[in-house]
*Asks:* 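For reference, the structure I am asking about is given below.
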Amino acid sequence: MTEVEKNKMSGGKKAALIIAAVVILIGGYFAGNLYKVYFAPNVTDNQKYLYIKTNSDYNALVENLKTKDIVKSVSSFATAAEKMKLTGNVKPGRYRLRKGMTNRTLINLIKAGNQEPVKLKFQNIRKKENFAAYLASNLEADSLSFINVLDSTPLISKYGFNQDNVYAMFIPNTYEMYWNVSPIEFFERMHKEYDKFWTAERKQKAASLNLTPAQVYTLASIVDAEALYDKEMPIIAGLYLNRLNKGVLLQADPTVIFANNDFTVKRVTNKLLQVQSLYNTYKYAGLPPGPIMMPSINAIDAVLNRDQNDYIYMCAKEDFSGYHNFAVTKAQHEINAKKYREALNKRNIFK
């Protein structure tokens, strides 16, 4: 091989090596950029969840990512979002974020609407306004939207309730549902849970007491408000059922407190007993129009499985243990009540 030929071959090799190097560099650049856009960790740990409101568009999502500092690189997210066709597929919801999550993973979550459900746990909530506020603090809709549903006569009457007893439809428990559930959807879900709870056996037990499920719930709310300990619930339920069956005023202090709308009361005074309200069971016979709080399932079942006793009276024990003294006769009750009044006076509890 001549010197010229050798030089030509050497030049060709150099050119090939240069081209190969350029190709590698370009490939490396694109591979690196591809990694950065799709597979590099991009989600920060500044927020636990990403909330996308109903009817939000892609621009609102990107703005949210910026203001909440959810991703390190908004531009790489935007590039991936465009390539993965997220711009027209933004689904509302509550999405769990994890530090180091990639754009690809986050975008797939949003496109699929793969939310993490909210756990709602409610019990002992006193009023509809309190319930609506609790729901609004955990779900997308505001409290007014929930109140409007709870006060909607056409809706609640369709399920056999009215504005006084609609609370009885909500069985206190822990439920999972999506953050962006609408108030109507929430209501319908709760009615399904109500139907599930009120089995044929429970309905039969209620009927044997001459009570509807809503009335059982109302009585359970009084029992729950009276009982500090679950084991006393069946006894108290039996006592109140005795009063109902005998036509005796319930005279339940918690209903008076509810009627006065003052839940700081520690001692029900004669002044409080004068309140003109159907919830004042010292003035009006029978059960109040609706529950005074959301009772526990234990309280509901305590009514359905009430203790068979002859008690008509009860009074908190003077040792402030949270237990009660029960009595069949008024004379015995007066002795118990006197002890408790004296104990209150000693502690300077007058209201």
Side-chain angles (χ1 to χ4, degrees), residues 51 53-54 94 117-198 202 212-227 230 233 252 254-265 277-281 287-303:
Y51 293 92
K53 293 183 178 180
T54 301
R94 170 184 180 261
V118 175
K119 284 190 177 181
L120 294 176
K121 184 177 183 179
F122 46 83
Q123 182 181 313
N124 299 337
I125 299 176
R126 289 192 177 100
K127 294 195 167 188
K128 283 188 285 187
E129 308 91 88
N130 305 129
F131 187 38
Y134 169 76
L135 294 175
S137 68
N138 287 279
L139 301 172
E140 180 184 15
D142 59 28
S143 58
L144 182 59
S145 299
F146 285 108
I147 283 290
N148 288 339
V149 167
L150 294 174
D151 284 344
S152 171
T153 299
L155 176 65
I156 62 181
S157 61
K158 184 173 74 173
Y159 292 105
F161 298 95
N162 57 49
Q163 289 189 18
D164 290 318
N165 68 15
V166 66
Y167 232 25
M169 196 189 79
F170 301 96
I171 306 300
N173 212 331
T174 300
Y175 301 99
E176 285 192 352
M177 58 191 68
Y178 291 129
W179 171 76
N180 57 318
V181 63
S182 73
I184 292 288
E185 290 169 336
F186 172 78
F187 189 91
E188 291 172 346
R189 163 72 187 281
M190 289 296 96
H191 188 261
K192 287 179 182 176
E193 297 293 341
Y194 172 88
D195 282 342
K196 196 186 300 182
F197 176 81
W198 282 102
R202 281 193 171 106
T212 65
Q215 288 172 324
V216 168
Y217 193 100
T218 295
L219 180 53
S221 73
I222 299 173
V223 170
D224 207 343
E226 290 277 22
D230 283 8
M233 286 180 177
T255 67
V256 176
I257 293 171
F258 182 87
N260 280 276
N261 196 31
D262 183 356
F263 302 104
T264 65
V265 170
S277 168
L278 292 176
Y279 286 88
N280 184 352
T281 55
L287 290 166
I292 59 171
M293 62 183 286
M294 278 187 182
S296 64
I297 288 177
N298 284 347
I300 298 171
D301 283 337
V303 173

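Here the structure is a predicted model, which means the values were calculated and not measured.
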*Asks:* Please examine the side chains of Val149 and Phe186, heavy atoms only from C-beta on, and report whether any two atoms are closer than 4.5 Å.
*Replies:*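 SC-SC contact between Phe186 and Val149 ruled out.
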*Asks:* Taking it one step at a time, do Asp301 and Arg202 satisfy side chain to side chain contact (heavy atoms under 4.5 Å, CB included)?
*Replies:* CA-CA 8 Å; Asp301 283 337; Arg202 281 193 171 106; 3.0 Å; yes
*Asks:* Sequence neighbours left out, what passes ring-ring contact (aromatic ring centres under 6.0 Å, His included) with Tyr178? Give chain and number order.
*Replies:*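 For Tyr178 there are no ring-ring contact (aromatic ring centres under 6.0 Å, His included) partners, ignoring immediate neighbours.
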*Asks:* Would you mind reporting whether Glu226 and Pro254 have side-chain heavy atoms less than 4.5 Å apart?
*Replies:*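 A side-chain contact exists here, since the closest heavy-atom pair is under 4.5 Å.
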*Asks:* Under the salt bridge (charged side-chain N to carboxylate O under 4.0 Å, His left out) test, which residues partner Glu193, sequence neighbours left out?
*Replies:*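 If we apply the salt bridge (charged side-chain N to carboxylate O under 4.0 Å, His left out) test to Glu193, skipping adjacent residues, the hits are Arg189, Lys196.
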*Asks:* Tyr217 and Phe197: aromatic ring centres closer than 6.0 Å?
*Replies:*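 No, the ring centres sit 6.0 Å or more apart.
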*Asks:* Below 4.5 Å, heavy atoms only, C-beta onward: do Val223 and Val303 meet side chain to side chain?
*Replies:*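 Yes, close enough: below the 4.5 Å cut-off.
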*Asks:* Dump the intermediate steps for side-chain hydrogen bond (donor to acceptor under 3.5 Å, both in side chains) on Asp224 and Ser296, then the final yes or no.
*Replies:* CA-CA 7 Å; Asp224 207 343; Ser296 64; 3.3 Å; yes
*Asks:* Sub-3.5 Å donor-acceptor pair from the side chain of Ser221 to the main-chain atoms of Pro295, do we have one?
*Replies:*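 No: the side chain of Ser221 does not pair with the backbone of Pro295.
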*Asks:* Looking at Leu287, is its backbone amide N or carbonyl O close enough to the side chain of Gln215 to form a donor-acceptor pair, meaning the two atoms are under 3.5 Å apart?
*Replies:*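 Between the backbone of Leu287 and the side chain of Gln215 there is no qualifying donor-acceptor contact (under 3.5 Å).
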*Asks:* Do the side chains of Thr281 and Phe258 get nearer than 4.5 Å, heavy atoms only?
*Replies:*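 Side-chain contact under 4.5 Å: no.
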*Asks:* When the aromatic ring centroids of Phe122 and Phe131 are compared, is their separation below 6.0 Å?
*Replies:*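 Centroid distance Phe122-Phe131: below 6.0 Å, so yes.
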*Asks:* Using modelled atom types and a 3.5 Å cut-off, is there a donor and acceptor pairing between side-chain atoms of Asn260 and backbone atoms of Val256?
*Replies:*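 Checking the backbone N and O of Val256 against the side chain of Asn260, a donor-acceptor pair under 3.5 Å is found.
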*Asks:* Got a sec, which pairs hit side chain to side chain donor-acceptor pair (under 3.5 Å) with one end in residues 147-164, sequence neighbours left out?
*Replies:*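 Qualifying pairs: Lys128-Asp151, Thr153-Gln163.
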